[in-house]
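Heads up, the thing below is written out as structure tokens.
No hydrogens, no waters, no symmetry mates; every other heavy atom, side chains included, goes into these values. Just so it is clear, the structure is predicted and the values come from calculations on it, not from any experiment. Order of the sequence lines fixes the chain letters, A, B, ..., with proteins taken first and strands second; residue numbering starts at 1 for each chain.
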Amino acid sequence: MSCGLVCTNLGIKPGQRFGVKGEITPGAKSFVVNIGKDPANIVLHFNARFDIHGDVKTIVCNSKNNGEWGTEQRETTFPFQEGSTVEIFFVHDKNELTVQLPGHQFKFPNRLGLQAIDYLSEEGDFKLKSLQME
Amino acid sequence: MSEKFEIVNLDVKPGEVLKVKGKISDDTDRFEFNIGKSSSDLALHFNPRFDESVIVCNSRCSNHWQEEYREHHIPFSKGSEVKILIHFLGDKFQVKLPGGHELEFPNRHDYEKISYLSVKGGFRVTSFKQD
């Protein structure tokens with residue numbers, strides 16, 4: 001995976017929706033958006049797998065607490081296409097995160113009980129074009 | 001000054017634009033945008049100082065500041081929402097400010113790409129774009 005963008009000190013508060021928009025590269029295999037406090041404390045690891053690690057068109061979500069991965073959660077809705085532009089929105093409170101995808105949304109528990117989201121990173125076949133903090 | 005908003009591993013090439021939108025705090029004296037390779041190697045430090053009514057621009061090489069350029073007009077005010085566009089034109093940077101104002105700053109280190117951005121001080125980023 002390529003070395004992707006890393007944003008720090010975002011200061012996103014509970015209830016504040018934010019979005020990342022980017023281009024999924026043609027021939028994409030996988031991309032990741034991590035949000036949390038820092039690289040070792042990730043409240044949501046969002047991994048869209050087109051075709052990698054035995055997963056085809058699956059979103060795999062997880063969390064990382066003090067460097068330790070948690071339990072994976074899989075979503076079978078996969079509204080992504082390689083070679084297209086997509087915008088993904090996130091909103092969180094102390095209990096859960098809501099991930100808004102084109103035409104679909106799902107929830108993931110806020111296992112870290114994180115208040116502010118300060119860290120965002122992306123990896124893989126995704127080129128971030130914009131970041132919106134509403 | 002508040003903690004800095006920072007993005008690393010950007011890939012902004014000549015011909016591309018960085019757009020930053022945000023709100024200037026009501027009570028701030030200063031804020032700054034830094035772009036370049038890292039916090040110690042900057043192609044452009046853009047620093048509006050309301051307390052001195054000046055925008056100071058500079059570059060930084062291995063943690064050393066270089067020669068300042070001062071623009072004695074700030075075309076925005078505290079408490080306002082602004083959009084600042086930084087066009088990377090290869091040999092220079094063109095900063096587009098509200099009201100049609102612009103300023104230019106040379107690409108002193110001949111960088112071929114911009115991989116670092118930070119925003120410090122009284123400016124809350126609400127949107128960031130690279131085109």
Exercise for the section: Specify which of A/Leu10, A/Leu120, A/Leu5 makes the most heavy-atom pairs with chain B at under 4.5 Å. Expected result: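 Among the listed options, the one with the most contacts to chain B is A/Leu5.
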Handout entry: Which portion of A/Leu128 sits near chain B, non-hydrogen atoms under 4.5 angstrom
Key =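 Both parts, heavy atoms under 4.5 Å.
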Practice task
With a 4.5 angstrom heavy-atom cut-off, could you sort out which part of A/Lys127 is near chain B: side chain, backbone, both or neither?
Solution key: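 When you check distances to chain B, only side chain atoms of A/Lys127 fall under 4.5 Å.
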Practice task
Kindly check if the number of other-residue, nucleotide or ligand heavy atoms within 6.0 Å of NZ (B/Lys78) is above 12?
Solution key: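 Count over threshold, so yes.
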Practice task
Give, for atom CG of B/Asn58 and atom CG of B/Asn34, the distance between the pair rounded to the nearest 0.5 Å.
Solution key: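 Reported to 0.5 Å precision, the distance equals 10.0 Å.
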Practice task
In sequence, state the C-alpha distance, the side-chain angles, and the governing distance for A/Phe18 and A/Phe89, and then conclude on ring pair (Phe, Tyr, Trp, His ring centres under 6.0 Å).
Solution key: CA-CA 6 Å; A/Phe18 70 103; A/Phe89 290 96; 8.9 Å; no
Problem - Test item: A/Asn110 side-chain N/O and A/Asp93 main-chain N/O as donor-acceptor pair under 3.5 Å - result: yes
